Each structure stands twice: as C-alpha cells, then as structure tokens.
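Notes for the one structure printed next.
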Amino acid sequence: MPDATATNLPGSTEVDENELVRVRFCPSPTGDPHVGMLRTALFNWAFARRHQGVFVFRIEDTDTVRDTEQSYEAVVDAVSWLGLEWDEGPGVGGDFGPYRQSQRRDIYREVVERLLESGDAYRCYCTPEELNQRREEARAAGRDSGYDGRCRDLTPGQVGTFEAENRPAVVRFRVPDGDWEFDDLIRGPMTFKSEFVSDFVLVRANGDPLYPLVNPVDDALMRITHVLRGEDLLSSTPRQLALHQALARIGIGSGRTPRFGHLPYVMGQGNKKLSKRDPESAFSRYQRDGFLPEGLANYLGLLGWSMGDDVEFYSLAQMAEAFDLDRVNASPARFDLKKCTAVNSLWVRALDPADLAARMLPFLIGAEVLPDEPTEEQLEILRRATPLVQERMELLSQAVGLLGFLFTGSPGCGEFRLDPDDAAKVLDDSGRRVAATAESALRALPDWDIPSIEDALRVALVEGLGLKPRLAFGPVRVAVTGRRVSPPLFESLELLGRERSLARLAAVAGP
Ligand code: GLU
Ligand code: ZN
C-alpha cells in the first residue's frame, strides 16, 4: 500500500519562519458576487498583509457554460471597491500568470500529459451509463458508490479495443490508498477515510480541464502556501492533497503542499447557509444602498473572526495588523444586516465631512437631485449641510431623502415634493396655519441667519400660538424639507435661503 500520505500534521504552525506567505482568492465568475465570497477574499488579504505575504487574485473561469465576462468584471470591481489590493492578478500581472484559468489551458494539458506518463492519472473509458449502473449496484450492495477503479489498470489490448471503438475517455487521477489526514488551520485535525476518496476526473472527454485539476495545479504553480476558503470545499481537500503530492513527485510546483484552513459558513435568515437567494447576499445591494467600503469590510471581518477585547470597529489597516487564524471561529457566523448597517453608520460618523460630502455626491447625482456637474454653489451647500446629517445617516443613499430638499426645485434638480404621508400627518388645518404664521414671521426678518430664524419661530409659534415645540416646528419642517425626518430645522432653513423657504411655507399655508 502506498504510504497514506498525511500532511499538515498536528503541531504545524500557521506560518513557518522565513516562509513567504502566498495566498489566493480564486472565485469562479458565475452570477453576482456575494458577501460570503468577499469575506473569503478579505480573510486571505488580511492573512497576506499580516505576514508581509502576497495576495494572489486568480479567476477560475474554466466553466465555459456558467462563467460570464460580466461576472468577472463584477468580482474584480467588488474586491477593489472593498479596498483589498492584490499583488498578482487581473490588471497587475505577476510572475505566475496568466491569472485567468481560461488562458492557462496549455499549461493544464501539459500537466495532464505528465500525470499520465507518471501513472498518476489514467484514461477511463467507462460510459456514463456504465458508471451509473455500477454505482447503483454498489449502493444496493451497501458498498461505497464512488468510482470503482475499473479502468485503473487496463491492458494495452483493452485500451486498443476502446480506442478502436472510438470510445470517449476522461482522464482520472489515481488516488493512492489510505486514509487522508490533515490539520486544518481552523478546524484542527481532520480525517477522511480512504473509501470516500475515489479516483476523480481531471479532464472531461471533450478535453475540458476541471476544478479538481486546475485548482491544485495553479496553487502548486503559483506557490500558494495557505489555502483559506469556505467550509463548503472541505470535502474536496483530500483529493487536492493527493494531487499536490503527485505534482510534487513529478516536479511541478515547489514540492510543498499548501496548508488548508476552512472558514466557517456564513448563515442567513432562519439559520440557513446564506445563499444567493437571500437578499443580503448580493454584493451589489451594498453598493447601491450606499454602504461605505470601510463599513462593509469591517462587518465582513466580524463574520467568523474577532479582534479580541470586544473590539468591533476597525479599519482594514488595523485588521491587517492583527489578523490571525487562531481567532477565526470554526462555528458558523450569522450575517445580520442590522448589525452590518450599524457598523456602517459608525464609519459614516468617522469620516471627515468633506470626504463624506464627496461620497454622497454620486448618490445625489444618481437620484437626479443634483446635475451631473453640480455648480460650485451647490457643492458649497452640500459641504455645509454634511455635518448636519453625519450623525443621522447610516447609508449614503439616505443623503437623497435628507438633503434633496436643498437642491430640488431649482433648474436641473427635479421637483420639490412633499412626502405624502408626512404631509397628511402634519399639514392638517392647524399645521397649515402654523406654516402661515411661520411664513409671516420669517418674512419680517432683516437678517437670514440661524439665531434670527430660531428666535423668530420660537416667538411666533411657541410663544405666540402657545404650541409645544414639536407641534410648532413639525409643520414648518415638512413644508420646507418635505419630510418629518430632516437635518436640524433652523440650519435647514438657513441653508435653503430666504426666498425658497418662504415660498415653500406659502405654498402650504392655510387660512
Ligand atoms: N473557484 C472556487 C470557488 O469559487 C475556489 C475554490 C477554492 O478556493 O479552492 O468555489
Ligand atoms: Zn473507467
């Protein structure tokens, strides 16, 4: 029996001294990028940075049916949006390229030739029907139903017959007998029984190389030292270890098998694994809703890793300094959109106001509340308004609702509209009378500044009409900002300016 090749035995540490850490993020570009995948990218990035290593970005696009160029671009954009700079990969190149597997087919062809020569791989002529039938029989007899090894040792004569029949052949890997053990960097010692690791297909009959081949081959050729990936891939690890050992024997790669660590599942609603169907899964929504890259990256960091000491607010740079696998939890992490939003709001508050203003701008332009090229005056209003909303905002998209009123109603900025629900609630007869009183009090003001505005409204509405502040200012707020939730009222009036403020009050003023 060939030695039951155990690697990564207990006791191996995360990183060897003098070892250049090389990790990879290697998504398959199918569909929209999702947050689970970005969590994997983040942990790899942080591990690389923590160890002054190399973060490789590789695209696993060998599935010609499911992979799309659009998805490729989306995942590249998502990773760079998050701020995870890669050292090798799309757009940057590197010594081990190309970094798209669709451009590496010649490499795989050559590796397969060599595996066939060394006897680590063989052609399998079994038809799908034959495989099915034998699988059923094995199942019925209570035997393991993996590939039974029928073509492992065909005689030249048998091969000749199959070839003469023009039977299509896949290439299979000859998995050595023996149990598979390795020390998962996160989950500890793992054992896979020999019977569950049967000879697997490397290349389809049509010549397409498959994931079980190309993924370890590239990890070997790209000198990957640590494979950090989702737990869903755990069951593929023994096969990959086996292939790595064969590659080492025939001199492909550094000869060192990477160490494997499997990141915990990310769970969504109802404690089920977060899937593409969950609304919180798609990365695009975070961009659209106006999460900050800093906020989303921070939250993704909390999904299975902890910085310790209950620290939950940290930047990528801080994560890069502190990241280690010891504090990656093996048990599933739950994705909590509320918490993610709360973390984001901390980041909104932490920004320099000028930076926040610049980041809100595309949302205001996108909502057509500001023109594509805002005037200096509009930008100045936005800059002055930013500190007023910074504490009240969780997401950049909320800038439209909170600040739109400052711009709407002027050319190129869309209509000013009252929120119908808010108007119905607040601008009843008495609300409209309040607006009328406010209008005449403000009209009389010689100076349009915050203290004068506040003073005039207090005198006219609170003292004059004897109203509680909430009832006094609510109608004014809805009349001029359109909503019951707005930046502080007096500041809003000041920013909006005398003319437009009075016009909006007059527009709703009642008898
Ligand atoms: N392309 C694989 C996937 O997206 C990557 C698997 C791995 O990290 O080994 O699932
Ligand atoms: Zn076969």
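In what follows, every heavy atom counts, from backbone to side chain, and hydrogens, waters and symmetry copies are set aside. Just so it is clear, the structure is predicted and the values come from calculations on it, not from any experiment. Counting starts at 1 for both ligands and their atoms, in listed order. The residues of the chain are indexed from 1 along the displayed sequence.
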Evaluate the ring planes of F47 and F323, with Trp represented by its six-membered ring, and classify them as parallel (under 30°), tilted (30 to 60°) or perpendicular (over 60°). perpendicular
For ligand 1, which part of M37 has a heavy atom less than 4.0 Å away: the side chain, the backbone, both, or neither? neither
N/O to N/O below 3.5 Å, does that happen between Q240 and ligand 1? no
As an exercise, state the distance from CD1 of I224 to CZ of R259, rounded to the nearest 0.5 Å. 12.5 Å
Please determine if L233 has a nitrogen or oxygen closer than 3.5 Å to a nitrogen or oxygen of ligand 1. no
Opening angle between OH in Y147 and SG in C126, taken at the Zn ion (ligand 2), to 10 degrees: 110°
Indicate, as side chain, backbone, both or neither, the part of T40 found under 4.0 angstrom from ligand 1 when only non-hydrogen atoms are considered. neither
Examine R239 relative to F173 and say whether NZ or CZ is less than 6.0 Å from the centre of the six-membered ring and inside a 45° cone about the ring axis. no
Could you check V203, V159, V171 and say which one makes a side chain to side chain contact (heavy atoms under 4.5 Å, CB included) with R123? V171
Provide, to 0.1 Å, the distance between atom 3 (C) of ligand 1 and the closest protein heavy atom, together with that atom's residue and name. S28 OG, 3.7 Å
If you count heavy atoms of other groups shown closer than 6.0 angstrom to CD of E373, is the number above 12? no
Y72 versus I59: any side-chain heavy-atom pair under 4.5 Å? yes
Pairwise distance CG(N298) to CG(L42) - rounded to 0.5 angstrom: 9.5 Å
In this structure, atom 5 (C) of ligand 1 is nearest to the protein heavy atom C26 O, 3.3 Å
In ligand 1, the atoms that come under 4.0 Å of a heavy atom of Y211 are 2 (C), 6 (C), 7 (C), 9 (O)
Tell me the protein heavy atom at minimum distance from atom 8 (O) of ligand 1, and give that distance in Å. R24 NH1, 2.8 Å
Would you mind listing which atoms of ligand 1 come within a distance below 4.0 Å of any non-hydrogen atom of E60? 1 (N), 2 (C), 5 (C)
For SG in C124 and SG in C151, the angle at the Zn ion (ligand 2) (nearest 10°) is 120°
Atoms in ligand 1 flagged as close to N215, the criterion being non-hydrogen separation under 4.0 Å: 6 (C), 7 (C), 9 (O)
Stacked cation flag R39 on F43, 6.0 angstrom / 45 deg: yes
